[in-house]
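Read the structure below first, then the notes.
Excluded from the calculations below are hydrogen atoms, water molecules and symmetry mates; all remaining heavy atoms, backbone and side chain alike, are included.
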Amino acid sequence: MASEDLDQIEERLRQRIAAQNSLNLKSDAADLRGSLPNTPLAVAIIAFALGGLFGVSFLVFVFGGFEGYWWSTYQLAFFFCAWSFFHWAEFAVTAGWNLEKCNIDSFLLNNGNMYHIAHATALSEYLITLHFMPGGKRIAYISQIGVIITLCGQALRSLAMIHASTNFSHAVAFEKRSNHKLVTDGIYAWFRHPSYAGFFYWALGTQLVLQNPVSFSLYSFLLWRFFYYRTRAEERALIKFFGQDYVGYRRRVGTKIPFIP
């Protein structure tokens with residue numbers, strides 16, 4: 001083989017490796033919701049922190065908690081496992097299947113004050129109840145059901161993002177892009193908004209794991225209200241984009257979120 005052919009092959013290999021390993025964080029300030037720096041260093045730090053939290057929490061969960069510390073329970077450990085994995089997966093799936101929209105906000109850590117208040121409320125309810133009424137957290141089958149629902153919700157959301165690929169966006173799109181397609185197959189043949197349904201059940205599952213009746217009720221109402229109005233707004237845009245194709249799809253496939261047709 002001629003040396004020129006070898007040089008061409010090596011160049012193509014270098015280009016392919018560079019394309020596969022390129023870190024292309026979108027830096028348009030208009031697309032950034034928070035104050036986190038949109039840099040590879042910030043991504044590395046956040047991923048390291050989430051991975052560390054997941055690793056420690058997973059060990060505590062596997063060992064069923066540590067009796068020497070009243071707050072060190074398998075339920076709380078699973079909550080932190082689910083929370084850290086959720087945020088890591090949001091970025092990882094976006095980076096793997098939707099790179100053009102990938103930036104620091106893909107972690108969804110800038111998810112609004114209400115999101116953080118809701119989690120703080122849930123943790124407060126769990127710890128206060130555990131401290132003063134520990135018997136209220138010992139119904140094992142409720143937490144076990146919550147674990148299953150949380151895992152299913154996470155799988156549903158991640159699968160939805162992977163299958164939609166570049167058609168998925170964390171923010172509602174009100175303008176149709178040239179490559180925007182209506183996705184109706186795969187998981188979308190069963191759920192009209194699988195990423196929303198996935199998060200809905202993920203969040204409620206975490207509250208079943210913690211056996212938080214107050215937070216479970218608040219999550220149910222607030223998430224239902226949020227997704228009801230969000231799906232209405234998004235579907236108006238989708239009808240504008242795809243016309244009768246989306247109307248027919250909406251008629252055939254439900255959201256699978258209670259009371260959101």
Side-chain angles (χ1 to χ4, degrees), residues 26 28 30-33 86-87 89-103 105-108 110-112 114-115 118 148-208 216-261:
K26 192 172 182 182
D28 187 351
D31 292 333
L32 299 175
R33 296 187 297 274
F86 169 80
H87 287 286
E90 290 294 296
F91 184 92
V93 172
T94 304
W97 284 269
N98 197 4
L99 186 58
E100 67 180 30
K101 298 190 184 76
C102 187
N103 59 48
D105 284 340
S106 298
F107 281 109
L108 283 193
N110 292 315
N111 214 11
M114 286 303 300
Y115 176 80
I148 294 171
I149 293 175
T150 302
L151 294 177
C152 290
Q154 178 66 66
L156 179 59
R157 180 169 176 88
S158 294
L159 284 173
M161 293 173 63
I162 289 171
H163 190 70
S165 187
T166 57
N167 294 289
F168 182 85
S169 176
H170 280 121
V172 177
F174 293 103
E175 294 184 6
K176 185 180 179 181
R177 303 184 312 276
S178 59
N179 62 343
H180 198 171
K181 297 179 181 179
L182 177 61
V183 181
T184 61
D185 60 345
I187 195 67
Y188 287 83
W190 300 90
F191 295 82
R192 195 165 75 246
H193 296 284
S195 65
Y196 296 163
F199 183 82
F200 181 84
Y201 291 113
W202 174 89
L204 294 187
T206 63
Q207 297 315 297
L208 286 177
F216 181 87
S217 300
L218 290 174
Y219 273 45
S220 299
F221 172 74
L222 293 174
L223 286 172
W224 179 89
R225 185 175 183 274
F226 175 79
F227 285 129
Y228 178 83
Y229 287 106
R230 188 177 177 99
T231 55
R232 301 308 91 168
E234 184 170 330
E235 290 185 350
R236 284 194 294 270
L238 290 169
I239 291 173
K240 178 182 176 182
F241 297 164
F242 302 107
Q244 288 302 312
D245 288 341
Y246 187 80
V247 173
Y249 171 66
R250 184 174 65 175
R251 189 179 300 116
R252 295 191 309 272
V253 181
T255 64
K256 307 301 190 296
I257 299 175
F259 308 110
I260 300 181

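- Counting only distance, with no hydrogens or angles, the side chain of Tyr219 and the backbone of Ala118 share a donor-acceptor pair below 3.5 Å.
- Lys256 contributes a side-chain N or O that, together with a main-chain N or O of Trp190, makes up a donor-acceptor pair within less than 3.5 Å.
- Relative ring orientation between His87 and Tyr115 is described as perpendicular, the plane-to-plane angle rising above 60° on a 0-90° scale split at 30° and 60°.
- Taking CZ of Arg192 as the start and CD of Glu234 as the end, the distance is 10.0 Å to the nearest 0.5 Å.
- In this structure, Phe241 and Phe174 approach most closely via the heavy-atom pair CZ-C, 3.5 Å.
- A donor-acceptor pair shorter than 3.5 Å cannot be found between the side chains of Thr94 and Glu90.
- Taken to the nearest 0.5 Å, the CD1 atom of Ile257 stands 7.0 Å off from the OG1 atom of Thr231.
- A perpendicular orientation is assigned to the rings of Phe242 and His180, their planes being inclined by more than 60° (bins at 30° and 60°).
- Not one N or O on the side chain of Trp97 forms a donor-acceptor pair closer than 3.5 Å with the backbone of Thr166.
- Using a distance-only test at 3.5 Å, with no hydrogens or angles considered, a donor-acceptor pair links the side chain of Ser106 to the main chain of Asn103.
- The closest side-chain heavy-atom distance from Leu99 to Cys102 is below 4.5 Å.
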Next on the checklist: Between Ile239 and Val247, does the side chain to side chain contact (heavy atoms under 4.5 Å, CB included) criterion hold? Intermediate values first, please.
Outcome noted: CA-CA 7 Å; Ile239 291 173; Val247 173; 4.2 Å; yes
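- At distances below 3.5 Å, at least one donor-acceptor pair connects side-chain atoms of Thr255 with backbone N or O atoms of Ile260.
- Contact record, Phe200 with Pro258: CE2-CD, 3.9 Å, taken as the closest heavy-atom pair.
- Note that CZ of Phe91 is 10.5 Å distant from CG of Asp105, once rounded to the nearest 0.5 Å.
- Rounding to the nearest 0.5 angstrom, the gap separating the CZ atom in Phe199 from the CG atom in Asn111 is 6.5 Å.
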Next on the checklist: Before you tell me yes or no, could you show the steps for Met161 and His170 under side chain to side chain contact (heavy atoms under 4.5 Å, CB included), namely the whole-Å CA-CA distance, both residues' side-chain angles and the distance that decides it to 0.1 Å?
Outcome noted: CA-CA 10 Å; Met161 293 173 63; His170 280 121; 3.8 Å; yes
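- At distances below 3.5 Å, not a single donor-acceptor pair connects side-chain atoms of Arg157 with backbone N or O atoms of Gly198.
- From Trp202, atom CH2 reaches atom CD of Gln207 across 9.0 Å, with rounding to the nearest 0.5 Å.
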Pair up each side-chain donor or acceptor in residues 182-189 with any protein partner under 3.5 Å, not counting sequence neighbours, and list the distances.
unit_1, atom_1, unit_2, atom_2, d
Asp185, OD1, His163, NE2, 2.8
Tyr188, OH, Ala160, O, 3.1

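- Judged by the 6.0 Å distance and 45° axis criteria, Arg232 is positioned over the aromatic ring of Tyr228.
- Side-chain contact check for Phe191 versus Val253: every heavy-atom pair is 4.5 Å or farther apart.
- Interatomic distance, Glu100 CD to Arg177 CZ, rounded to the nearest 0.5 Å: 6.0 Å.
- Atom NZ of Lys176 sits in a crowded spot, with more than 12 heavy atoms from other residues, nucleotides or ligands closer than 6.0 Å.
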Checklist entry - Please walk me through it: do Gln154 and Ser158 pass side-chain hydrogen bond (donor to acceptor under 3.5 Å, both in side chains)? => result CA-CA 6 Å; Gln154 178 66 66; Ser158 294; 3.0 Å; yes
